[in-house]
Amino acid sequence: MTTELEGLAERLREFARVREWEQFHTPKNLAMALAGEVGELVAEFQWLTAEESRHPDAEALARMRTELGDVTLYLVRLADVLGVDLVEAARDKLDHNDRRYDADRYRGSARKAPPTA
């Protein structure tokens, strides 16, 4: 992980430790909490037009920022508990997608690539 993500993971670890919450921070519970927070983020966009979603008003943006923070915290904590380097995992996935979605073949297209073997 990058230094900033490592620092955030360490701070979350300490936050959970001093509250004796490690017992609740199982991968299952953290994944479920993450899904719930993603749902709260999605709810902020639910009735917006595409244009409104690109330019939310200040109040909506503040709520979105809070939900993005929650999503990030749960994702970093889950990765830390599982021992996954988020940056490495993201880079690996981007490398995979780069191979899977050839730029010339998929430029301007939203179609999904066939499943990989």
J.: Return yes if some donor-acceptor pair links the side-chain N/O of R17 with the main-chain N/O of E22 below 3.5 Å, else return no.
T.: no
J.: If you define the side chain from C-beta out and look only at heavy atoms, does anything of Y101 sit under 4.5 Å from K112?
T.: yes
J.: State, to 0.1 Å, how close P27 and L82 come at their nearest heavy-atom pair, and which atoms those are.
T.: CG-CD2, 3.6 Å
J.: Quick check: closest heavy atoms across Y106 and P114, and the distance to 0.1 Å?
T.: OH-CD, 3.5 Å
J.: Group every Ile, Leu, Val, Met, Phe, Trp and Tyr by side-chain heavy-atom contacts under 4.5 Å, then state whether V71 and M32 land in the same group.
T.: no
J.: Would you indicate whether E59, at its atom CD, is surrounded by more than 12 heavy atoms from other residues, nucleotides or ligands within a distance under 6.0 Å?
T.: no
J.: What's the spacing between E67 CD and E40 CD if we round to 0.5 Å?
T.: 4.5 Å
J.: Which pair of heavy atoms, one from L30 and one from H25, lies closest together, and at what distance?
T.: CD1-O, 3.5 Å
J.: Look up atom CZ in R77 and atom CG in L34, then write down how far apart they are to the nearest 0.5 Å.
T.: 13.5 Å
J.: Are L41 and W47 in one and the same hydrophobic cluster, where Ile, Leu, Val, Met, Phe, Trp and Tyr link if side-chain heavy atoms are under 4.5 Å apart?
T.: no
J.: Could you measure the distance from the OG1 atom of T26 to the CG atom of L78? Nearest 0.5 Å is fine.
T.: 9.5 Å
J.: Just verifying a value: how many Å separate E44 CD and R65 CZ, rounded to the nearest 0.5 Å?
T.: 14.0 Å
J.: Give a yes or no on whether L75 and L94 share a hydrophobic cluster (residues Ile, Leu, Val, Met, Phe, Trp, Tyr; joining criterion: side-chain heavy atoms under 4.5 Å apart).
T.: no
J.: Would you call D80 and L12 a side-chain contact if the rule is heavy atoms closer than 4.5 Å?
T.: no
J.: Checking E88 against R91 for the salt bridge (charged side-chain N to carboxylate O under 4.0 Å, His left out) test, could you report, in this order, the C-alpha distance in whole Å, the side-chain angles of both residues, the deciding distance, and whether it holds?
T.: CA-CA 5 Å; E88 182 181 328; R91 285 182 180 141; over 6 Å; no
J.: Just wondering, more than 12 heavy atoms not from R100 lying within 6.0 Å of its CZ?
T.: yes
J.: Taking atom CG of L68 and atom CD of E37, what is their separation to the nearest 0.5 Å?
T.: 10.5 Å
J.: Can you list the other members of the hydrophobic cluster that holds W21, where links are side-chain heavy atoms under 4.5 angstrom apart?
T.: F15, F24
J.: Could you pull out the closest heavy-atom pair between A79 and L86, with the gap in Å?
T.: CB-CG, 3.5 Å
J.: Indicate yes or no for a side-chain donor-acceptor contact from S109 to the backbone of R105 under 3.5 Å, with no hydrogens or angles considered.
T.: no
J.: If you define the side chain from C-beta out and look only at heavy atoms, does anything of L8 sit under 4.5 Å from T72?
T.: yes
J.: When you look at CD of E20, are more than 12 heavy atoms from neighbouring residues, nucleotides or ligands closer to it than 6.0 Å?
T.: no
J.: I'd like to know if the side chain of E52 reaches the main chain of T49, judged simply by a donor and an acceptor atom lying under 3.5 Å from each other, with no hydrogens or angles considered.
T.: yes
J.: Would you call R54 and E51 a salt bridge, using N to O less than 4.0 angstrom?
T.: yes
J.: Please determine whether residues V38 and V84 belong to a single hydrophobic cluster, defined as Ile, Leu, Val, Met, Phe, Trp and Tyr linked transitively by side-chain heavy-atom distances below 4.5 Å.
T.: yes
